[in-house]
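Positions are given from 1 along the sequence.
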Amino acid sequence: MFDRAIALWNRLDAGLGAIPAALPLLALRIVLAIPFWRSGLTKWDGLLNLSTGARYLFEQEFKLHLFGQAFPYPAPLAMAFLAGLGEIILPIHLVLGLGTRFAALGILAMTVIIQLTVPDGLINFHLPWFAMALALLVYGGGTLSADRLLGAAIGRGSKGSAHLSQ
């Protein structure tokens with residue numbers, strides 16, 4: 001009986017291990033892109049025109065929490081502009097899988113800054129974002145990505161993503 005349970009466990013484990021890595025990598029790219037994209041949409045009133053809300057938040061509300069102190073953002077409108085650009089451009093790159101590792105690195109940097117701005121969000125938001133971005137940074141976009149298609153088109157084939165071994 002115990003041997004049959006172990007054999008069943010091993011078959012189930014092997015079946016789950018046979019899921020192509022491209023699927024969870026695609027899911028990670030999409031799921032990580034959504035909150036940043038949605039936040040980015042709130043920062044603009046038209047093409048490259050910061051919204052009143054974004055201006056207010058970066059000038060009045062947002063503070064960097066460092067060493068037990070809260071400091072105003074340096075150059076708050078420039079920071080709002082860069083955050084807004086990042087929250088639009090990086091999610092597009094993630095979903096397409098275009099420059100996945102660089103987009104993930106940008107999301108990692110933004111997540112650290114967001115954590116310094118909103119320290120209470122670590123467990124529910126920032127830590128999962130950080131983990132997803134880190135996985136994409138390490139493994140790349142997978143075979144269902146523009147990175148892989150472009151890599152194949154210019155002759156470097158499978159170098160666009162690390163191999164996921166089980």
| field | Heavy-atom side-chain proximity of M79 to P76 below 4.5 angstrom | value |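 No; the side chains remain at least 4.5 Å from each other.
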
Considering all heavy atoms, the nearest [X]-[Y] contact:
X    : Y    : result
L50  : R55  : O-NE, 3.5 Å
H126 : I114 : NE2-CG2, 3.2 Å
T52  : D45  : N-OD2, 3.7 Å
A103 : L90  : CA-CD2, 3.7 Å
L108 : L137 : CD1-CD2, 3.7 Å
A133 : A104 : O-CB, 3.4 Å

Any donor-acceptor pair under 3.5 Å from [X] side chain to [Y] backbone:
X    : Y    : value
R101 : V138 : yes
H93  : L98  : yes
S51  : T42  : yes
D13  : W9   : no

Within one Ile-Leu-Val-Met-Phe-Trp-Tyr cluster: [X] and [Y], side-chain cutoff 4.5 Å:
X    : Y    : value
L82  : L47  : no
L134 : L127 : no
I6   : L12  : no
I89  : L48  : yes
L122 : F67  : no

| field | Between CG on residue L136 and CD1 on residue I107, distance to nearest 0.5 Å | value |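 Rounded to the nearest 0.5 Å, the CG-CD1 separation comes out at 9.5 Å.
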
| query | How far does CG of L41 sit from NZ of K43, to the nearest 0.5 angstrom? | reply |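 Rounded to the nearest 0.5 Å, the CG-NZ separation comes to 10.0 Å.
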
Under 3.5 Å, side-chain donor or acceptor atoms of residues 23-35 against the rest of the protein: list the pairs with distances, not counting sequence neighbours.
unit_1 : atom_1 : unit_2 : atom_2 : d
R29    : NE     : L94    : O      : 2.7
R29    : NH1    : G141   : O      : 2.6
R29    : NH1    : L144   : O      : 3.2
R29    : NH2    : V95    : O      : 3.0
R29    : NH2    : L144   : O      : 3.0

| field | Where at least one partner belongs to residues 26-51, residue pairs that pass ring pair (Phe, Tyr, Trp, His ring centres under 6.0 Å), sequence neighbours excluded | value |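 Qualifying pairs, neighbours excluded: F36-W129, W44-F81.
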
| said: Please enumerate all residues that pass side chain to side chain donor-acceptor pair (under 3.5 Å) together with E59, with sequence neighbours excluded. | reply: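 For E59 there are no side chain to side chain donor-acceptor pair (under 3.5 Å) partners, ignoring immediate neighbours.
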
| Non-neighbouring partners of T100 that pass side chain to side chain donor-acceptor pair (under 3.5 Å), sequence neighbours left out |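 For T100 the side chain to side chain donor-acceptor pair (under 3.5 Å) partners, ignoring immediate neighbours, are D147.
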
| task | Could you please spell out the steps behind the side-chain contact (heavy atoms from CB on, under 4.5 Å) verdict for F125 and T111? | result | CA-CA 9 Å; F125 301 104; T111 300; over 6 Å; no

| F102, CZ atom: more than 12 neighbouring heavy atoms under 6.0 Å |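 No - once you tally the heavy atoms of other residues, nucleotides and ligands closer than 6.0 Å, there are 12 at most.
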
| query | Who are the ring-ring contact (aromatic ring centres under 6.0 Å, His included) partners of F130, not counting sequence neighbours? | reply |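 Applying ring-ring contact (aromatic ring centres under 6.0 Å, His included) to F130 gives none.
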
| said: Test of understanding: with side-chain contact (heavy atoms from CB on, under 4.5 Å), list the residues that count as partners of A70, not counting sequence neighbours. | reply: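 So A70 forms a side-chain contact (heavy atoms from CB on, under 4.5 Å) with K63, H65.
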
